[in-house]
Amino acid sequence: MLGVGVGVTLAFIYIPLIVIAIYAFNGGTTLKWPLEGVTTEWFGKAIENEGARDALWTSVRVGAAATGIALVLGTLASFAVARYRFFGRETISFLVVLPIALPGIVTGVALSNTFTQVFGIDLSLFTVIVGHATFCIVVVYNNVIARLRRVSENLEEASADLGAHTWQTFRHITLPNVQTALVAGGLLAFALSFDEIIVTTFTIGAGEQTLPIWIFSNLFRGQQFQLTNVVAVMAVVISIIPVYLAHRLTREEGGAGARGGPLLADTTAEP
């Protein structure tokens with residue numbers, strides 16, 4: 001019975017993606033089932049399409065910048081909450097993770113009004129990056145704080161007792177233990193930013209398009225539907241890669257820690 005439930009759930013999630021992938025090879029002029037023919041010519045046309053290429057490059061730039069901001073701020077927040085005790089610590093932790101739970105349209109409208117009405121900033125790629133960073137921080141924060149809670153503070157205290165200053169302790173003790181969490185958090189943040197459309201719609205400037213915006217704007221143009229299906233499949237594949245790598249990193253690190261691997265190696269070594 002459990003297997004049936006899992007199968008239904010996976011089918012509910014992935015059948016629409018499979019349909020899009022099949023239609024990417026549609027050789028006909030209309031969307032109907034069964035396909036009128038099978039062709040791969042649209043993949044070449046998608047790669048040659050200047051609008052799609054520009055939108056892809058824009059998404060990559062936005063994702064990389066938002067991920068960089070999220071890595072810095074998310075890591076700092078996770079260290080503050082995990083390593084220090086102060087009034088309002090749990091409230092700050094809640095406020096950091098709250099943005100990812102809010103409806104995207106609420107976040108988008110709030111950011112758009114704040115940028116244009118409060119700060120008087122014109123919407124541009126900068127506002128998109130800031131908007132994406134607000135929810136990418138959550139992913140990095142959750143990954144890093146989970147790892148910090150597994151790493152004993154005794155290692156850092158022992159390093160300090162042996163004469164290491166703060167940055168030496170961070171570089172030789174803390175960073176090696178959290179680096180996979182940082183990489184995994186960064187990969188997930190990039191994937192989240194790369195395929196985001198709701199917040200982007202409210203924060204992007206005129207004349208700019210990320211890849212999801214390009215797909216949406218061409219979705220209802222009859223002469224572009226084959227091209228849109230192909231670009232959508234490419235976007236799915238690009239999004240899957242960082243998610244898969246992040247999953248492998250966290251799974252392998254978790255297994256190593258459970259066996260007393262790298263996380264405990266320094267405490268079990270011979271003097």
Side-chain angles (χ1 to χ4, degrees), residues 1-28 30-40 42-43 46 52 55-56 59-60 63 66-67 70 97-105 107 132 135-136 138-147 180-181 183-201 210-216 218-220 225-259:
M1 194 64 184
L2 181 60
V4 173
V6 172
V8 171
T9 302
L10 292 177
F12 179 78
I13 295 172
Y14 289 105
I15 283 179
L17 298 179
I18 294 172
V19 170
I20 288 293
I22 292 174
Y23 274 129
F25 296 93
N26 182 24
T30 59
L31 290 178
K32 64 180 182 179
W33 190 264
L35 302 181
E36 298 177 6
V38 177
T39 181
T40 58
W42 294 108
F43 285 87
L56 172 62
S59 286
V60 171
T67 299
V97 300
L98 181 62
I100 204 169
L102 295 176
I105 191 170
T107 302
H132 285 199
F135 53 81
C136 288
V138 182
V139 179
V140 176
Y141 173 82
N142 283 337
N143 273 270
V144 176
I145 199 169
R147 182 61 53 81
T180 54
V183 174
L187 289 169
L188 290 173
F190 179 84
L192 194 63
S193 171
F194 183 82
D195 59 16
E196 210 290 323
I197 185 172
I198 301 177
V199 173
T200 308
T201 301
T210 61
L211 195 59
I213 294 291
W214 185 92
I215 293 172
F216 183 76
N218 287 274
L219 184 61
F220 303 105
F225 71 88
Q226 291 106 327
L227 200 62
T228 304
N229 287 331
V230 172
V231 174
V233 170
M234 291 180 175
V236 170
V237 173
I238 294 172
S239 299
I240 286 174
I241 293 172
V243 174
Y244 173 76
L245 293 175
H247 173 70
R248 287 294 302 270
L249 279 172
T250 53
R251 186 179 65 178
E252 291 173 1
E253 188 67 19
R259 293 190 299 271

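Since this is a predicted model, take the numbers as computed values, not measurements.
- Listed here is the closest heavy atom pair of Val243 and Ala191: CG2-CB, 3.7 Å.
- Here Asn229 contributes atom CG and Ile20 contributes atom CD1; the two are 5.0 Å apart, rounded to the nearest 0.5 Å.
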Trace of the side-chain contact (heavy atoms from CB on, under 4.5 Å) decision for Leu188 with Leu192: CA-CA 6 Å; Leu188 290 173; Leu192 194 63; over 6 Å; no

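- With hydrogens and angles disregarded, a donor-acceptor distance shorter than 3.5 Å links the side chain of Ser59 to the backbone of Leu211.
- Here the options are Val139, Val138, Val144, the test is side chain to side chain contact (heavy atoms under 4.5 Å, CB included), and the partner is Asn142; only Val138 passes.
- With rounding to the nearest 0.5 angstrom, the CD1 atom of Ile215 is 10.0 Å from the CG atom of Leu227.
- Considering all non-hydrogen atoms of both residues, Ser193 and Gly63 come closest at OG-CA, 3.3 Å.
- Here the CD1 atom belonging to Ile241 is positioned 10.0 Å from the CZ atom belonging to Phe190, to the nearest 0.5 angstrom.
- When atom types are taken as modelled, the side chain of Ser239 and the backbone of Ala235 share a donor-acceptor pair closer than 3.5 angstrom.
- Between Ala184 and Asn143, the shortest heavy-atom distance links the atoms CB-OD1, 4.1 Å.
- Atom-to-atom distance recorded for Ile198:CD1 and Phe216:CZ is 10.0 Å, nearest 0.5 angstrom.
- Between the OG1 atom in Thr210 and the CD atom in Glu196 there is a gap of 8.0 Å [rounded to 0.5 Å].
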Chi angles and distances behind the side-chain hydrogen bond (donor to acceptor under 3.5 Å, both in side chains) call for His132, Thr200: CA-CA 8 Å; His132 285 199; Thr200 308; 2.7 Å; yes

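- By the ring pair (Phe, Tyr, Trp, His ring centres under 6.0 Å) test, Phe43 is found to be paired with Phe25, residues two or more places apart in sequence or in another chain being considered.
- Taken to the nearest 0.5 Å, the CH2 atom of Trp214 stands 11.0 Å off from the CG atom of Leu56.
- The local environment of CD1 in Ile105 is sparse, with at most 12 non-hydrogen atoms from other residues, nucleotides or ligands closer than 6.0 Å.
- Closest non-hydrogen pair, Ile197 versus Thr201, comes out as O-OG1, 2.7 Å.
- Heavy-atom minimum distance, Met234 versus Ala46: CE-CB, 4.2 Å.
- Residues Ala52 and Val231 come closest through the heavy atom pair CB-CG2, 4.2 Å.
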